[in-house]
> 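Could you have a look at this structure, given as structure tokens, before my questions?
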Amino acid sequence: MHTYPSLLSELRIGALTLPNRMVMGAMHTRLETLDQPQERLAAFYVARARGEVGLILSGGYSPVPEGVMESGGPLFNSAEQIRDHRLITSEVRRAGGRIVLQILHAGRYAKVPECVAPSEGKARINSYSPRALTTDEVWNTIERFAHTAALAQEAGYCGIEVMGSEGYLINEFTTPATNQRTDEFGRDFAGRARLPLEIVKAIRRKVGPEFLIIYRISAVDLVDGGMIGDEVAALACLVEEAGADVINTGIGWHEAAIPTIAAAVPRAAWVQAVRNVKQAVSIPVMASNRINTPEIAEEILASGVADLVSMARPLLADPLFAHKVRLGKAETINTCIACNQACLDQIFTNRTATCLVNPQAGREIEFSAWSAANVKHFGVVGGGAAGMAFALHAAQRGHRVTLYEAAPEIGGQLNLARRVPGKSEFSELLRYFSVSLRGAGVDLRLGHRAAAQELADEGFDAVIIASGVTPRRPDIQGIEHPKVVSYQHVLGANASVGQRVAIIGGGGIGFDVAAYLLGDDEASLDVNTFFERWGIDATFTSPGGLAAARPSNAAPREIHMFQRKPGSFGGTLGKSTGWILKAKLRNAQVRMNAGVSYHAIDDQGLHYSVDGMAQVCPADTIIVCAGQDSQRELYEGLQSAGVTTYLIGGADTAHELDAMRAIDQATRLAMSL
């Protein structure tokens with residue numbers, strides 16, 4: 001059993017003593033856009049407080065209307081709002097937690113027409129162009145930060161975090177790329193640093209010496225014209241002198257063309273940037289980004305890189321993270337797999353955040369029922385994402401569950417996903433289910449293909465069909481040719497693949513197969529290799545921490561992708577991660593052909609046409625990624641036998657391989673029966 005002496009040690013920060021070094025990082029959830037927003041937010045934070053995390057950082061609240069993330073976004077600027085916040089702080093305190101309010105002015109990232117910035121210049125990720133603040137308006141903004149901090153103090157928060165990272169307003173002032181001012185808030189480093197320093201000083205004057213002030217600094221900007229490492233260290237020193245108690249570290253701007261928190265980023269990739277800050281100050285420093293296991297967190301703390309670790313999405317995935325660490329049960333942690341599908345992707349598409357591996361995140365008030373009033377016996381057919389999720393939650397509620405899986409191991413399509421470069425974190429999800437299903441007492445019958453009569457004879461109260469999908473075979477002449485294989489055979493059975501490959505299908509599976517055929521997963525998760533390929537200066541001495549990118553060597557195969565739909569490829573890929581995969585395929589010179597009509601497959605290869613022009617792709621291997629069909633042959637037989645039967649996951653809907661939908665659907669069913 002692992003022990004985590006550093007992670008579980010107390011720490012004094014300001015006037016506050018934390019029971020451990022684990023911090024729930026700030027996240028924008030959009031929960032405030034739903035019905036009962038304060039109740040939802042309180043329940044969200046209370047679940048993490050009960051999970052024993054040392055400190056909670058709230059999502060960002062703007063001090064002024066023009067600084068909100070979006071129209072209707074979180075704003076805290078008047079005494080009338082204190083009552084709503086007290087509902088959150090009192091509930092968190094009652095649960096044994098400590099919560100800090102983050103103050104965030106979105107600057108030119110604010111998706112509102114009245115957005116402002118240090119200088120003119122539209123952000124690449126915003127459709128609105130900002131107006132440059134006047135000098136008087138900058139001073140007024142400083143006072144508004146202090147005013148919000150005072151409101152937070154009155155509302156019962158134990159401190160505030162000033163968001164000075166990720167390309168928001170303060171970071172825009174500190175960085176030469178976005179600050180061309182000629183007044184006292186520009187011109188040189190001292191001028192660019194003045195805004196954050198005046199904000200910290202103003203807050204300290206307003207709240208007194210006991211109230212916690214955390215400053216989140218951009219440890220590396222990752223944009224052209226960004227700060228150099230020496231400037232980051234110097235700013236950290238000045239922030240400490242201005243009155244901050246703790247420095248948190250952020251990595252990269254939202255518009256940076258470098259991934260910072262996706263699964264394609266190696267774990268703890270940014271520790272050197274954090275070390276640069278730590279070496280410059282005497283107050284505690286917090287590390288963040290791609291820290292998702294207690295082992296990684298302990299290593300960071302024990303090495304002296306940081307004093308605290310901020311884990312935002314890992315606390316979405318498992319609110320009991322810290323509790324399980326304290327009990328020595330880290331193997332039962334539902335680990336964040338850095339997929340971004342249910343958190344960032346939903347936020348960036350105007351939806352509320354939740355979690356693929358934990359659909360209860362942000363939905364706590366919808367899952368209030370737990371222990372089952374009447375114990376039942378359920379049979380589950382299929383050990384993929386949906387089947388495992390149903391079986392686990394039903395068993396945890398006290399029901400008896402028997403799970404049948406035809407394969408010798410659980411996982412279903414997840415066993416294919418984890419073989420794709422950038423998706424190896426799915427192995428953590430499979431570990432979690434494997435440990436948890438056994439711990440919950442689920443009767444696992446692996447290598448057992450259940451028959452309808454057998455299931456009917458067992459006398460189950462209900463049978464849940466989670467038997468997944470089968471790959472669809474498109475109607476193309478010659479589709480049975482020996483050189484044609486399905487994506488399942490390539491990812492799951494190590495099918496032999498030639499040097500020239502044609503992939504039929506331009507959706508997510510097609511992209512995953514192409515990435516798999518390009519290989520190099522282990523090398524891509526090496527920090528030095530990651531930095532070289534994405535153009536990151538490992539010394540952080542260059543502006544923005546950027547260097548010349550050095551893409552990987554020539555691709556091991558010639559890959560052609562085809563789709564019937566005209567237009568660009570990858571429309572269904574994740575908003576926050578799809579561009580990473582597209583960049584990898586583009587660098588490997590994968591050829592993408594859209595608007596295709598398929599004609600035949602023969603010894604020559606794939607015959608097709610685009611705009612009426614007949615062509616041949618001389619492929620050695622043709623891989624079919626053209627969708628899938630639900631596998632539900634047991635369903636009708638069970639219904640005919642009078643067995644109560646439910647369809648979930650791919651067996652219910654096979655339009656896309658969607659683990660997020662499957663786990664959510666399965667969890668909700670398990671909680672309702």
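All residue numbers refer to positions in the sequence shown, counting from 1.
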> Say whether, by atom type as modelled, one donor and one acceptor occur between the side chain of Arg661 and the main chain of Thr653 under 3.5 angstrom.
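At least one qualifying donor-acceptor pair exists.
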> Any sub-3.5 Å donor-acceptor pair from Glu532's side-chain atoms to Val527's backbone N or O?
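Pair absent, no side-chain N/O of Glu532 close to backbone of Val527.
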> Taking C-beta and beyond as the side chain, do Pro294 and Ile333 meet within less than 4.5 Å on heavy atoms?
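They are in contact (side-chain heavy atoms under 4.5 Å apart), so the answer is yes.
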> For the side-chain hydrogen bond (donor to acceptor under 3.5 Å, both in side chains) test, which of Gln102, Glu166, Glu161 pairs with Arg216?
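Output: one option passes, namely Glu166.
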> Can you tell me if NZ on Lys122 sees more than 12 non-hydrogen neighbours from other groups inside 6.0 Å?
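For Lys122, atom NZ is crowded (more than 12 foreign heavy atoms under 6.0 Å).
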> Flag the pair Glu172 / Leu169 as yes when at least one side-chain heavy-atom distance between them is below 4.5 Å, and no otherwise.
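With C-beta onward as the side chain, the pair touches.
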> Backbone N or O of Met561 within a donor-acceptor pair of the Asn593 side chain at under 3.5 Å?
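Yes; judged by distance alone, with no hydrogens or angles, the pair exists.
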> With a sphere of 6.0 Å drawn around CD of Glu114, does it hold more than 12 non-hydrogen atoms of other residues, nucleotides or ligands?
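Enclosed: over 12 neighbouring heavy atoms sit under 6.0 Å from CD of Glu114.
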> Is there side-chain contact between Ile536 and Phe530, with at least one heavy-atom pair below 4.5 Å?
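Counting from C-beta outward, Ile536 and Phe530 do come under 4.5 Å.
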> In Å, rounded to the nearest 0.5 Å, how long is the span from CD1 of Ile559 to CG of Leu517?
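The CG atom of Leu517 is 5.0 Å from CD1 of Ile559, to the nearest 0.5 Å.
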> Take Val232 and Thr174, measure what side-chain contact (heavy atoms from CB on, under 4.5 Å) needs, and give me the verdict at the end.
CA-CA 9 Å; Val232 173; Thr174 61; over 6 Å; no
> Is there a donor in the side chain of Tyr109 and an acceptor in the side chain of Glu255, or the other way round, less than 3.5 Å apart?
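The criterion, which ignores hydrogens and geometry beyond distance, is satisfied for Glu255 and Tyr109.
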> Asp345 vs Ser576, test: side chain to side chain donor-acceptor pair (under 3.5 Å). Steps then yes/no.
CA-CA 6 Å; Asp345 285 353; Ser576 65; 2.6 Å; yes
> Does Glu425 have more than 12 heavy atoms from other residues, nucleotides or ligands lying within 6.0 Å of its CD?
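Result for CD/Glu425: enclosed.
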> Indicate the atoms forming the closest heavy-atom contact of Pro74 with Glu32, along with that distance.
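Looking at all heavy atoms of both residues, the closest pair is CD-OE2, 3.3 Å.
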> List the atom of Leu518, the atom of Ala555, and the distance in Å for their closest heavy-atom pair.
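Residues Leu518 and Ala555, closest heavy atoms: CD2-CB, 3.7 Å.
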> Please name the pair of heavy atoms, one in Ser310 and one in Met286, separated by the smallest distance, quoted to 0.1 Å.
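The answer is CB-SD, 3.6 Å.
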> Give a yes or no on whether the backbone of Leu31 and the side-chain of Thr29 come within a donor-acceptor separation of less than 3.5 Å.
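Yes, Thr29 side chain to Leu31 backbone: donor-acceptor pair under 3.5 Å.
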> Can you name the closest pair of heavy atoms from Pro421 and Lys584 and give their distance?
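Here Pro421 and Lys584 meet closest at CB-NZ, 3.5 Å.
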> Do Arg668 and Phe367 come close enough that some side-chain heavy atom pair is under 4.5 Å?
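Of all side-chain heavy-atom pairs linking Phe367 with Arg668, at least one is under 4.5 Å.
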> More than 12 heavy atoms of other residues, nucleotides or ligands under 6.0 Å from CZ of Arg351: is that the case?
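Yes - once you tally the heavy atoms of other residues, nucleotides and ligands closer than 6.0 Å, there are more than 12.
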> Ignoring hydrogens and geometry, is there a side-chain-to-backbone donor-acceptor pair from Arg313 to Asn292 under 3.5 Å?
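Checking the backbone N and O of Asn292 against the side chain of Arg313, no donor-acceptor pair under 3.5 Å is found.
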> Could you report the tightest heavy-atom contact between Gly498 and Asp620, atom names first, then the distance?
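For Gly498 versus Asp620, the nearest heavy atoms are CA-CB, 3.9 Å.
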> Looking only at the side chains, is there a donor atom on one of Asp221 and Thr175 sitting less than 3.5 Å from an acceptor on the other?
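Yes, side-chain donor-acceptor contact under 3.5 Å.
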> Distance alone, cut at 3.5 Å: any donor-acceptor contact between the side chains of Thr352 and Arg40?
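Result is no, nothing qualifies.
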> Between the side chain of Ser434 and the main-chain N/O of Leu430, is any donor-acceptor distance below 3.5 Å?
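Not at all, since once roles are kept as given, no pair shorter than 3.5 Å links the two residues.
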> Any heavy-atom pair between the side chains of Leu546 and Ile258 that's under 4.5 Å?
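Ile258 reaches Leu546 side chain to side chain.
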> With a 4.5 Å heavy-atom cut-off, do Leu392 and Thr667 have their side chains touching?
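They are not in contact (no side-chain heavy atoms under 4.5 Å apart), so the answer is no.
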> Could you give the distance from OG (Ser58) to CE (Met27), rounded to the nearest 0.5 Å?
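Reported value, rounded in 0.5 Å steps: 10.5 Å.
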> I need the Tyr45 OH to Glu364 CD distance, nearest 0.5 Å.
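Reported value, rounded in 0.5 Å steps: 10.5 Å.
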> In terms of relative ring orientation, are Trp534 and Trp579 parallel, tilted or perpendicular, with 30° and 60° separating the classes?
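Taking Trp579 first and then Trp534, their aromatic rings stand perpendicular (interplane angle over 60°).
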> Are the side chains of Pro319 and Asn358 in touch, meaning some heavy atoms are under 4.5 Å apart?
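Pro319 vs Asn358: side chains touch.
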> Does Gln346 reach the side chain of Met660, with side-chain heavy atoms less than 4.5 Å apart?
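Side chain of Gln346 against side chain of Met660, heavy atoms only: contact under 4.5 Å found.
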> Run the side-chain contact (heavy atoms from CB on, under 4.5 Å) test on Ile125 and Phe348 for me, step by step, so that the C-alpha distance in whole Å, both residues' side-chain angles and the decisive distance to 0.1 Å come before the verdict.
CA-CA 10 Å; Ile125 59 174; Phe348 292 154; over 6 Å; no
> Would you tell me whether Thr470 and Asp629 have side-chain atoms, one donor and one acceptor, within less than 3.5 Å of each other?
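Note: Thr470 and Asp629 side chains miss the donor-acceptor criterion.
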> Measuring from Leu356:CG to Cys336:SG, what's the distance to the nearest 0.5 Å?
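Reported to 0.5 Å precision, the distance equals 10.0 Å.
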> Are the side chain of Arg500 and the backbone N or O of Pro618 linked by a donor-acceptor pair below 3.5 Å?
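Yes.
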> Rounded to the nearest 0.5 Å, what's the gap from CE on Met163 to CD1 on Ile170? Could you check?
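That separation rounds to 9.5 Å.
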> Without swapping roles, check the side chain of Asn334 against the backbone of Val357 for a donor-acceptor pair under 3.5 Å.
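Flag set: sc Asn334 to bb Val357 pair under 3.5 Å.
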> Give me the atom names and distance for the closest heavy-atom approach of Ser165 to Ile251.
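Distance-wise, the nearest heavy atoms are OG-N, 4.1 Å.
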> Using side-chain contact (heavy atoms from CB on, under 4.5 Å), reason through Gln628 and Tyr487 one step at a time and then give a plain yes or no.
CA-CA 10 Å; Gln628 45 281 325; Tyr487 69 87; 3.7 Å; yes
> Taking atom NE2 of His489 as the centre, does the number of heavy atoms from other residues, nucleotides or ligands within less than 6.0 Å exceed 12?
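Not buried by this count: 12 neighbours or fewer within 6.0 Å.
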> Between Asn171 and Gly167, is there a donor-acceptor pair closer than 3.5 Å when you use the side chain of the first and the backbone of the second?
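Answer holds: yes.
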> Spell out, as yes or no, whether a donor-acceptor pair under 3.5 Å connects the side chain of Ser71 to the backbone of Val112.
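A pair under 3.5 Å: no.
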> Does Ile337 form a side-chain contact (heavy atoms from CB on, under 4.5 Å) with Tyr432? I'd like the steps, not just the answer.
CA-CA 11 Å; Ile337 61 175; Tyr432 165 74; over 6 Å; no
> Measuring from Glu366:CD to Thr354:OG1, what's the distance to the nearest 0.5 Å?
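It comes to 9.0 Å.
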